[in-house]
Peer 1: 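The structure's right below; bear with me while I get my questions together.
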Amino acid sequence: MKTIVILISGHGSNMQALLTAKHDYCIAAVISNKADAGGLAFAQAHGIPTAVVAHRDHPDRESFDAALTEVIEGYQPDFVILAGFMRILTMPFVKHYQGRLINIHPSLLPSYKGLHTHASALHDGVKIHGCTVHFVTADLDHGPIIIQAAVPVLQDDTEETLGARVLHEEHRIFPQAVRWLCAGQVELNEFGKVVNHRHKQPGFALISPSLE
Ligand code: GRF
């Protein structure tokens with residue numbers, strides 16, 4: 001069975017989804033850069049070891065990432081999963097975990113990198129928005145895409161209602177991506193492309209607003 005370590009910064013609802021979804025991976029630890037991250041209590045209540053590596057205790061990104069790597073390595077994970085981990089990682093960290101580091105982002109990448117993705121989607125008036133699970137590379141919030149979910153943007157949507165609709169899909173696609181990864185069904189090849197050995201493709205389109 002493959003082993004994962006999950007990194008969080010806050011509420012950790014994606015981490016909770018990874019923990020409660022049917023899975024065949026072992027969650028060795030949940031690590032946060034913030035001691036007050038709500039998700040830590042949830043992990044502890046489920047018997048998962050937790051650790052805090054506070055970024056504030058380190059003078060720069062390099063020393064924080066080095067300390068983080070040391071704690072992660074203590075658990076010998078096959079994969080490192082960023083589940084709402086709100087720190088920009090350095091190149092040595094990203095290179096060290098090349099092909100073994102994935103992230104979830106609340107937009108259909110490459111649109112809307114960074115923060116406030118739902119507000120930006122509403123501002124632009126796009127009719128379809130969504131979320132992406134991707135391998136982490138040097139590009140912030142970009143990298144080879146494993147899976148995406150699209151949701152319609154509704155006429156009366158607010159940042160909150162749209163965000164909730166996207167988050168619901170995050171909780172579905174993230175455990176799927178991690179299951180594929182751990183089963184060897186998805187991998188990053190030598191050319192930096194995602195290979196999915198399943199090749200199951202949908203045969204429909206999401207049209208928003210719907211046709212009459
Ligand atoms: C999610 O929308 C995730 O995509 C983004 O930050 C949010 C974290 O939510 N990276 P949670 O902590 O998993 O509840």
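Indexing begins at 1, ligand by ligand and atom by atom, following the structure's order.
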Peer 1: Pairs of nitrogen or oxygen atoms closer than 3.5 Å, one from Ser13 and one from ligand 1: do any exist?
Peer 2: yes
Peer 1: Where is the nearest protein heavy atom to atom 13 (O) of ligand 1: which residue, which atom, and how far?
Peer 2: Asn14 N, 2.9 Å
Peer 1: Kindly say whether the aromatic ring centers of His129 and His118 come within a distance under 6.0 Å.
Peer 2: yes
Peer 1: Do Glu62 and Thr90 meet the criterion of a side-chain donor-acceptor pair at a distance under 3.5 Å?
Peer 2: no
Peer 1: Considering heavy atoms of the protein only, find what lies nearest to atom 5 (C) of ligand 1 and give residue, atom and distance to 0.1 Å.
Peer 2: Pro106 CD, 3.9 Å
Peer 1: Under 4.0 Å from a heavy atom of Glu170: which atoms of ligand 1 are those, numbered in the order shown and with their elements?
Peer 2: 1 (C), 2 (O), 3 (C), 4 (O)
Peer 1: Do Gly12 and ligand 1 have an N or O pair less than 3.5 Å apart?
Peer 2: yes
Peer 1: Just checking, any donor-acceptor pair under 3.5 angstrom between side chains of His197 and Glu187?
Peer 2: yes
Peer 1: Would you give the length of the straight line joining atom OH of Tyr112 to atom NE2 of His105, rounded to the nearest 0.5 angstrom?
Peer 2: 11.0 Å
Peer 1: For ligand 1, which atoms, with element, lie under 4.0 Å from some heavy atom of Ile104?
Peer 2: 4 (O), 10 (N)
Peer 1: Check for me whether Ile8 has a heavy atom closer than 4.0 Å to any atom of ligand 1.
Peer 2: no
Peer 1: Under 4.0 Å between a side-chain nitrogen and a carboxylate oxygen: does that hold for Asp157 and Arg165?
Peer 2: yes
Peer 1: For His171 and Ser13, which I'm curious about, is there any donor-acceptor pair between the side chains at under 3.5 Å?
Peer 2: yes
Peer 1: Give the atom numbers and elements of ligand 1 that come within less than 4.0 Å of a heavy atom of Gly84.
Peer 2: 6 (O), 8 (C), 10 (N)
